[in-house]
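In what follows, a single structure is set out as structure tokens and then discussed.
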Protein chains: 2
Amino acid sequence: MKTVYERADIVPLLAQIFRELGYEGATLSRITERTGIGKGSLYHFFPGGKEEMADAVLAAIDGWFEEAVYRPLRHDDARQAIAAMWTNVSEYFRSGRRICLVGAFALDDTRERFSRAIRDYFTRWIDALRLALMRAGCVEEEAQTLAEEGVCGIQGALVLSRALRDETVFTRSLETLAMRLEAATR
Amino acid sequence: MKTVYERADIVPLLAQIFRELGYEGATLSRITERTGIGKGSLYHFFPGGKEEMADAVLAAIDGWFEEAVYRPLRHDDARQAIAAMWTNVSEYFRSGRRICLVGAFALDDTRERFSRAIRDYFTRWIDALRLALMRAGCVEEEAQTLAEEGVCGIQGALVLSRALRDETVFTRSLETLAMRLEAATR
DNA sequence: TAAAATGTGTACCGATCAGTAAATTGATTA
DNA sequence: TAATCAATTTACTGATCGGTACACATTTTA
């Protein structure tokens, strides 16, 4: 008996494990234990070991956000894209039950390993949101402030709702943020 | 030659190490390496090992916030205490260069180990801020929302400024938050 | 069907992990 | 000065770490 995987099947599993255990906490044996995938297979797909696994996960996350959030913010109807962002992001983060891996990596020494991926994730998010806000009628300076505030608020909401084990904190925070951005584009 | 320590001297060193490496990343050997304190001494002061060390660190953090932030918010002049909170917190977090250990612990599995300490830290902060806002003239519901927004915003600002390696993000976020709370208490 | 390419499982490596034990140091007390 | 005691250092344990090697299974190609 032998189960055959593809890289694409493994990455989401790895993402969830890194989210739950952090980079340092995600040991090779815990990964094999939770995924059922042996070390041989893991090193076959990710010869660079844990670091390459995390790279793949970050790339997948980036890909999802690019398609589901950044691109619409840059090219679609601005107000509509911003509205879609809140619902997509809320769903992606499971109403606060799932954390933002990129944000978590930024907090400790792990940041040094994935510096560029972490920085890019946030700069591109803020930038795309800023552009949408400007298309919706904001002047550049206000758009920049609001974009930072939005992304910042999401990260804070994730921390707080997890700490309090209360997903209504996340939901409410996102609603407040959405209203504030909406108010600034009338 | 023999250097003699006290528990009180060690805790801040441990705090900084946990902040930089996270709970899982802070191995005993890295702790001895960075502090110069041998394993024997560490286990002498903290027989429970790493978990007891982290407990002591969380207790020290809680003590600092209780005295420097929560108590003034509860008992001193409300508007003045809120203003002091922003400056004290900004200084404590070194303008965003230092992270919030409690928030970081909340993000991964470490939360399960220190569940109560993490929850208490945030509930007491929000509660104290809510009370101050009410004394300053907010109705309860608005005070609750603003208090959550404030604490939430600080956490988000820490994540974002670390991710972007830009402490002006932190400073600006706190200024914006301070203004919003100020505006609500006129 | 035969050969080659692709995955998988397992045993193993040296290094490092958390934790223990005991000898030793230096200050305090009698 | 002698005895006591807290604190430190050092050496050690078994378990687990990330990573490697290689035999074996399966699929794809010829």
Side-chain angles (χ1 to χ4, degrees), chain A residues 1-60 101 104-105 108-114 117, chain B residues 1-58 60 101 104-105 108-114:
Chain A
M1 182 55 189
K2 169 177 159 178
T3 319
V4 179
Y5 301 93
E6 285 185 35
R7 234 180 103 113
D9 300 325
I10 301 178
V11 172
L13 300 177
L14 292 175
Q16 189 51 26
I17 291 172
F18 281 126
R19 268 190 280 263
E20 286 172 11
L21 306 177
Y23 184 76
E24 293 286 347
T27 67
L28 264 286
S29 46
R30 280 204 261 243
I31 292 173
T32 62
E33 177 191 309
R34 296 198 183 200
T35 60
I37 304 168
K39 266 198 225 184
S41 302
L42 288 171
Y43 273 90
H44 174 72
F45 290 114
F46 309 97
K50 215 164 69 155
E51 184 151 354
E52 191 173 340
M53 296 179 208
D55 272 330
V57 167
L58 290 174
L101 188 63
F105 277 6
D108 62 27
D109 237 25
T110 310
R111 176 182 69 160
E112 313 309 325
R113 277 181 193 266
F114 308 104
Chain B
M1 184 57 190
K2 167 178 157 178
T3 318
V4 179
Y5 301 93
E6 284 185 36
R7 234 181 103 112
D9 300 326
I10 301 178
V11 171
L13 300 177
L14 292 175
Q16 189 51 25
I17 292 171
F18 281 126
R19 268 191 279 264
E20 286 173 11
L21 305 177
Y23 184 76
E24 293 286 347
T27 68
L28 264 288
S29 46
R30 280 203 261 242
I31 292 172
T32 62
E33 177 190 310
R34 296 197 183 201
T35 59
I37 304 168
K39 266 196 224 183
S41 303
L42 288 170
Y43 273 92
H44 174 72
F45 290 114
F46 309 97
K50 213 165 68 158
E51 184 151 354
E52 191 173 338
M53 297 179 207
D55 273 328
V57 167
L58 290 174
L101 187 62
F105 277 6
D108 62 27
D109 239 26
T110 311
R111 176 181 68 161
E112 313 309 324
R113 276 181 194 265
F114 308 104

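A quick note: this is a predicted structure, and the numbers were derived from the prediction, not measured.
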Rounded distance in Å - [atom1] ([X]) to [atom2] ([N]):
| X | N | atom1 | atom2 | result |
| --- | --- | --- | --- | --- |
| A:Arg30 | C:dC17 | CZ | C1' | 12 Å |
| A:Leu21 | D:dT16 | CG | P | 16 Å |
| A:Leu42 | C:dT8 | CG | P | 9 Å |
| A:Lys50 | D:dC17 | NZ | C1' | 9 Å |
| B:Ile37 | D:dT10 | CD1 | C1' | 17 Å |
| A:Asp9 | C:dG7 | CG | C1' | 13 Å |
| A:Phe45 | C:dT6 | CZ | P | 11 Å |
| A:His44 | D:dC24 | NE2 | P | 19 Å |

Carboxylate-amine/guanidinium proximity below 4.0 Å for B:Glu52 and B:Arg113: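 No salt bridge links B:Glu52 with B:Arg113.
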Evaluate the criterion side-chain contact (heavy atoms from CB on, under 4.5 Å) for residue pair B:Phe46 and B:Glu51; output intermediate values, then yes/no. CA-CA 9 Å; B:Phe46 309 97; B:Glu51 184 151 354; over 6 Å; no
Using a 3.5 Å distance criterion without hydrogens, assess whether the side chain of A:Arg34 forms a donor-acceptor pair with backbone atoms of A:Ile17.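 Flag not set: sc A:Arg34 to bb A:Ile17 has no pair under 3.5 Å.
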Looking at A:Ile31, is its backbone amide N or carbonyl O close enough to the side chain of A:Thr35 to form a donor-acceptor pair, meaning the two atoms are under 3.5 Å apart?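 Indeed, once roles are kept as given, a pair shorter than 3.5 Å links the two residues.
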Using 30° and 60° as the class limits, which term best fits the ring planes of A:Phe114 and A:Tyr23: parallel, tilted or perpendicular?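 Correct class here is perpendicular.
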Side chain of B:Ser29: nearest nucleotide among C:dC17, C:dA18, D:dG18?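 Taking heavy atoms from C-beta onward, the closest nucleotide is C:dC17.
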Please determine, for the side chain of A:Tyr5, which listed nucleotide (C:dT8, D:dT8, C:dC17) has the closest atom?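 Per side-chain heavy atoms of A:Tyr5, the pick is C:dT8.
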Whether the side chain of A:Lys39 and the base of C:dG9 hold a donor-acceptor pair under 3.5 Å is what I'd like checked.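 Flag unset: no donor-acceptor pair detected.
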Quick one: is C:dG7 close enough that its OP1 or OP2 comes under 4.0 Å of any side-chain N or O from A:Ser41?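 A:Ser41 to C:dG7 OP1/OP2: no side-chain N or O under 4.0 Å.
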Regarding B:Gly40, tell me which of base, sugar-phosphate or nothing describes its non-hydrogen contacts under 4.0 Å with the strands shown.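 Base, at least one base heavy atom under 4.0 Å.
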Quick one: on DNA chain D, does A:Pro47 or B:Ile10 contact a more 5' nucleotide (nearest heavy atom)?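 It is B:Ile10, whose closest nucleotide lies nearer the 5' terminus.
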